[in-house]
Each structure stands twice: as structure tokens, then as C-alpha cells.
*Asks:* 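The structure's right below; bear with me while I get my questions together.
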Amino acid sequence: MSDTIPTPFDVRLMNLTASLLFAACFVLVLSAVLWWAARHSAFSIRSIEVDGEIVHANAQTLRSNVAPKLNGNFFTVDLPATRMAFESVPWVRRAVVSREFPDRLRVSLREQQAVALWGNPNGSQMLNELGEVFEANVGEVDQDALPRLIGPDTQSAHLLDMFRALEPVLEPLDLGIEQLELTGRGDWRVRLDSEGQIELGTGTIADVLERTSRFVRTAENVTKQQGREPDAIESADLRYADGYALRLRGVTTGVDAGKTTNRKNNSKKKR
């Protein structure tokens with residue numbers, strides 16, 4: 001049996017060097033191929049498919065607005081930047097962008113759903129169903145069908161929650177909310193679609209609902225005593241511990257929350 005002769009060091013070094021050179025050449029060739037593919041016109045983005053429920057935005061307009069902002073081809077285009085470009089378009093709330101080999105981008109859009117006007121009556125801000133503030137052309141929605149909510153931007157979702165809680169409470173009086181405001185002092189104020197105004201006071205949603213429910217339970221009887229309907233309410237102040245102050249068009253009266261048939265002694269005819 002013959003002993004195996006060890007491979008000389010210089011031979012092993014030569015083999016290792018050859019392997020490294022081969023690997024380096026392979027990486028260089030692969031990089032060159034990728035570089036070529038990344039820049040070859042065959043992989044240019046030739047179409048952008050837009051889908052989703054789009055009402056206020058036209059797919060063709062979206063493509064023409066965003067396409068000039070895209071850099072690179074199918075392999076090199078920045079998908080997060082493309083997504084942000086679509087989401088910067090008015091009425092677009094969310095965009096999901098993906099590649100479709102060899103030359104197409106597919107964009108699935110979710111549009112903003114306006115549920116309320118927000119802030120300054122002369123502004124262009126609205127709230128979506130999550131209470132998030134967004135800007136778009138308010139002329140593209142039926143403004144008469146949307147309430148206006150006013151308050152700090154950081155409280156937009158809270159205002160929407162309050163509106164949704166108050167709306168059914170006022171329904172027995174057949175009065176809708178035209179505007180809900182949260183003042184800088186924390187007071188809640190409602191303007192009705194009958195042009196009346198209600199001062200709701202401060203507190204949590206539960207606190208405000210309790211006062212409003214108490215008001216609704218008695219207000220119809222009080223207005224009938226004066227020969228009027230609830231839509232004759234000019235103003236109401238619910239910030240009293242034991243009742244509320246009510247002004248009807250043509251009549252001013254104070255009402256004890258626990259009594260629905262008696263006027264206070266300080267009631268007087270409006271002059």
C-alpha cells in the first residue's frame with residue numbers, strides 16, 4: 001500500500017487562486033448581465049394597470065399624473081416611491097403597487113370616503129370614515145349631505161365619534177346635525193339643520209349623551225306647550241346641573257329637566 005503524496009503548497013495555492021478568479025469572473029459576468037438587463041429598453045415600464053373602486057379619480061388621469069415621477073425600469077423602479085406618488089393624488093387614501101413581469105406595474109387603489117366636512121367653511125378639508133383629515137375638491141361631493149365638524153386636528157376622530165353618537169339621540173326630535181364644534185375650552189356645540197343651536201357643555205361622550213338624552217325626552221312636550229314643534233328651537237343650553245335653558249322662536253323659557261309641563265317663573269315673552 002503506497003502512501004498518498006501531499007499536494008505541494010504552491011499547487012494548492014494555485015488551485016485556490018484559480019477558484020477565486022473563477023468566482024470573481026462569474027460575479028463580474030453576472031453583474032454585467034444584470035446591469036444590461038436593468039437598463040435595456042426591453043424592460044422599460046410600458047403600462048400601469050390601475051384598479052380599485054375609483055369614483056372621484058380617473059384611472060387615465062392618475063397614470064398620466066404619476067408616470068412622469070417614476071424613475072427606472074421594471075427592475076429598478078422604486079415601489080415605495082411609486083406608492084407615495086399615487087397616494088399624493090387627491091382622493092387616494094391607499095395604494096398597493098406590484099410588478100408584473102416583464103414590463104407592467106399594477107396599482108390597487110382605495111379611495112377616500114368623505115363622511116364630513118372639516119374645519120374652515122372656506123377650506124378643502126374633509127374627514128374619511130376613520131376620522132382622518134384629508135384634502136380634496138369639496139365641490140366633488142354633495143356638501144348638503146355632509147355635516148361640518150370643527151375642532152383641533154388631533155381630535156378629528158373624537159369629533160366623528162361624538163357626531164355618530166349624537167345623531168341617533170336627536171333623531172326622535174327629527175332634528176339633524178348640520179355642524180358639531182369642539183371649542184378650545186372643551187365645550188361641545190351643535191348647530192341643527194333647523195338653524196337652532198345647542199350648547200352641550202364639556203365632558204366625555206357619555207356625559208354629553210346623558211345631558212342630550214335628558215333634553216330630548218322633555219323638549220317635544222315643552223315646545224308643544226308653546227304651540228310649536230321641535231324645529232322651532234332657536235337655542236338650548238344644557239350646561240345646567242338640574243335642567244336646561246330653552247329659547248323658541250318667539251318665546252324664551254327656562255325648563256326644569258324633571259318637569260315637562262311647567263314653565264319657570266322667570267319665563268317671558270320675547271320682544
*Asks:* Measure across S64 and P68 and return the closest heavy-atom pair with its distance rounded to 0.1 Å.
*Replies:* O-CD, 3.1 Å

*Asks:* Distance from E199 atom CD to R239 atom CZ, nearest 0.5 Å?
*Replies:* 4.5 Å

*Asks:* Please determine whether a side-chain nitrogen of the Lys or Arg among R110 and E129 lies less than 4.0 Å from a carboxylate oxygen of the Asp or Glu.
*Replies:* yes

*Asks:* Is the shortest side-chain heavy-atom distance between I198 and R189 below 4.5 Å?
*Replies:* no

*Asks:* State whether E210 and R214 are salt-bridged, where the test is any N-O pair (Lys NZ or Arg NE/NH1/NH2 against Asp/Glu carboxylate O) under 4.0 Å.
*Replies:* no

*Asks:* Flag the pair K224 / Q226 as yes when at least one side-chain heavy-atom distance between them is below 4.5 Å, and no otherwise.
*Replies:* no

*Asks:* State, to 0.1 Å, how close K69 and S88 come at their nearest heavy-atom pair, and which atoms those are.
*Replies:* NZ-OG, 4.0 Å

*Asks:* Mind checking who shares a hydrophobic cluster with L105, ILVMFWY linked at side-chain heavy-atom distances under 4.5 Å?
*Replies:* I45, I48, V50, I54, L62, V66, L70, V77, L79, F86, V89, V92, V97, V107, L109

*Asks:* Is it true that, when you exclude E135 itself, more than 12 heavy atoms of the residues, nucleotides or ligands shown sit nearer than 6.0 Å to its CD?
*Replies:* yes

*Asks:* Do S44 and N73 have side-chain N/O donor and acceptor atoms under 3.5 Å apart?
*Replies:* no

*Asks:* Apply side-chain hydrogen bond (donor to acceptor under 3.5 Å, both in side chains) to D193 and list each qualifying residue two or more places apart in sequence or on a separate chain.
*Replies:* none

*Asks:* Can the ring centres of F134 and W118 be said to be less than 6.0 Å apart?
*Replies:* no

*Asks:* Indicate if V133 and L180 have the same hydrophobic cluster label, given that clusters are the connected sets of ILVMFWY residues with side-chain heavy-atom separations under 4.5 angstrom.
*Replies:* yes

*Asks:* Report yes if some heavy atom in the side chain of L200 is under 4.5 Å from a heavy atom in the side chain of F215; otherwise report no.
*Replies:* no

*Asks:* Given side chains that start at C-beta, do those of L160 and M162 come closer than 4.5 Å, heavy atoms only?
*Replies:* no

*Asks:* For the hydrophobic clusters of this structure (ILVMFWY residues joined by side-chain heavy atoms under 4.5 Å, transitively), does one cluster hold both V141 and L127?
*Replies:* no

*Asks:* Shared ILVMFWY cluster between V190 and L146, side chains joined below 4.5 angstrom?
*Replies:* no

*Asks:* Where the side chain of D207 meets the backbone of T204, is there a donor-acceptor pair that is under 3.5 Å apart?
*Replies:* yes

*Asks:* Please say yes or no: joined through hydrophobic side-chain contacts below 4.5 Å, possibly via intermediate residues, are L248 and Y240 part of one cluster?
*Replies:* no

*Asks:* A side-chain contact here means heavy atoms from C-beta on lying under 4.5 Å apart; do V169 and L209 qualify?
*Replies:* yes

*Asks:* Would you please say whether a donor-acceptor pair under 3.5 Å links the side chains of Q113 and N128?
*Replies:* no

*Asks:* Out of the candidates Q143, R148, Q179, only one should pair with P121 under the side chain to side chain contact (heavy atoms under 4.5 Å, CB included) rule; please name it.
*Replies:* R148

*Asks:* So how far is it from R217 CZ to T212 OG1, rounded to the nearest 0.5 Å?
*Replies:* 10.5 Å

*Asks:* For R249, is there an ion pair with E234 - N to carboxylate O distance below 4.0 angstrom?
*Replies:* no

*Asks:* Would you give the length of the straight line joining atom CG of L192 to atom CD of Q197, rounded to the nearest 0.5 angstrom?
*Replies:* 8.5 Å

*Asks:* Grab the two heavy atoms, one from N122 and one from N120, that are nearest each other, plus how far apart they are.
*Replies:* N-OD1, 2.8 Å

*Asks:* Step through the shown structure and confirm whether more than 12 heavy atoms of other residues, nucleotides or ligands are within 6.0 Å of CZ on R99.
*Replies:* yes

*Asks:* Out of curiosity, S156 OG to Q125 CD, how far, rounded to the nearest 0.5 Å?
*Replies:* 9.5 Å

*Asks:* Is there a side-chain contact between T202 and W188 (heavy atoms, below 4.5 Å)?
*Replies:* no

*Asks:* Quick one: pull up CD in E49 and OG in S108 and give me the separation to the nearest 0.5 Å.
*Replies:* 10.5 Å

*Asks:* In terms of hydrophobic clustering (I, L, V, M, F, W, Y; side-chain heavy atoms under 4.5 Å; direct or indirect links), are V115 and L117 co-clustered?
*Replies:* no

*Asks:* Is any side-chain heavy atom of I150 less than 4.5 Å from a side-chain heavy atom of L182?
*Replies:* no

*Asks:* Does I233 reach the side chain of L246, with side-chain heavy atoms less than 4.5 Å apart?
*Replies:* yes

*Asks:* In terms of relative ring orientation, are F101 and F74 parallel, tilted or perpendicular, with 30° and 60° separating the classes?
*Replies:* perpendicular

*Asks:* I'd like to know if R191 pairs up with E195 as an ion pair, taking the criterion as any Lys NZ or Arg NE/NH1/NH2 lying under 4.0 Å from an Asp or Glu carboxylate oxygen.
*Replies:* no

*Asks:* In Å, rounded to the nearest 0.5 Å, how long is the span from CZ of R228 to OG1 of T223?
*Replies:* 10.0 Å

*Asks:* Using a 4.5 Å cut-off between side-chain heavy atoms of Ile, Leu, Val, Met, Phe, Trp and Tyr, which other residues end up in the same hydrophobic cluster as L130?
*Replies:* none

*Asks:* Can you name the one residue among E87, E132, E111, E53 that meets salt bridge (charged side-chain N to carboxylate O under 4.0 Å, His left out) with R93?
*Replies:* E132

*Asks:* Evaluate W91 against M126 for side chain to side chain contact (heavy atoms under 4.5 Å, CB included), listing each step before the verdict.
*Replies:* CA-CA 10 Å; W91 289 108; M126 290 174 274; 3.7 Å; yes

*Asks:* Do other residues, nucleotides or ligands put more than 12 heavy atoms under 6.0 Å from D174 CG?
*Replies:* no

*Asks:* Go through it in stages, so that I can follow the logic: the residues are L173 and E220, the test is side chain to side chain contact (heavy atoms under 4.5 Å, CB included), and I'd like the CA-CA distance, side-chain angles, deciding distance and then a yes or no.
*Replies:* CA-CA 7 Å; L173 298 180; E220 187 171 8; 4.1 Å; yes

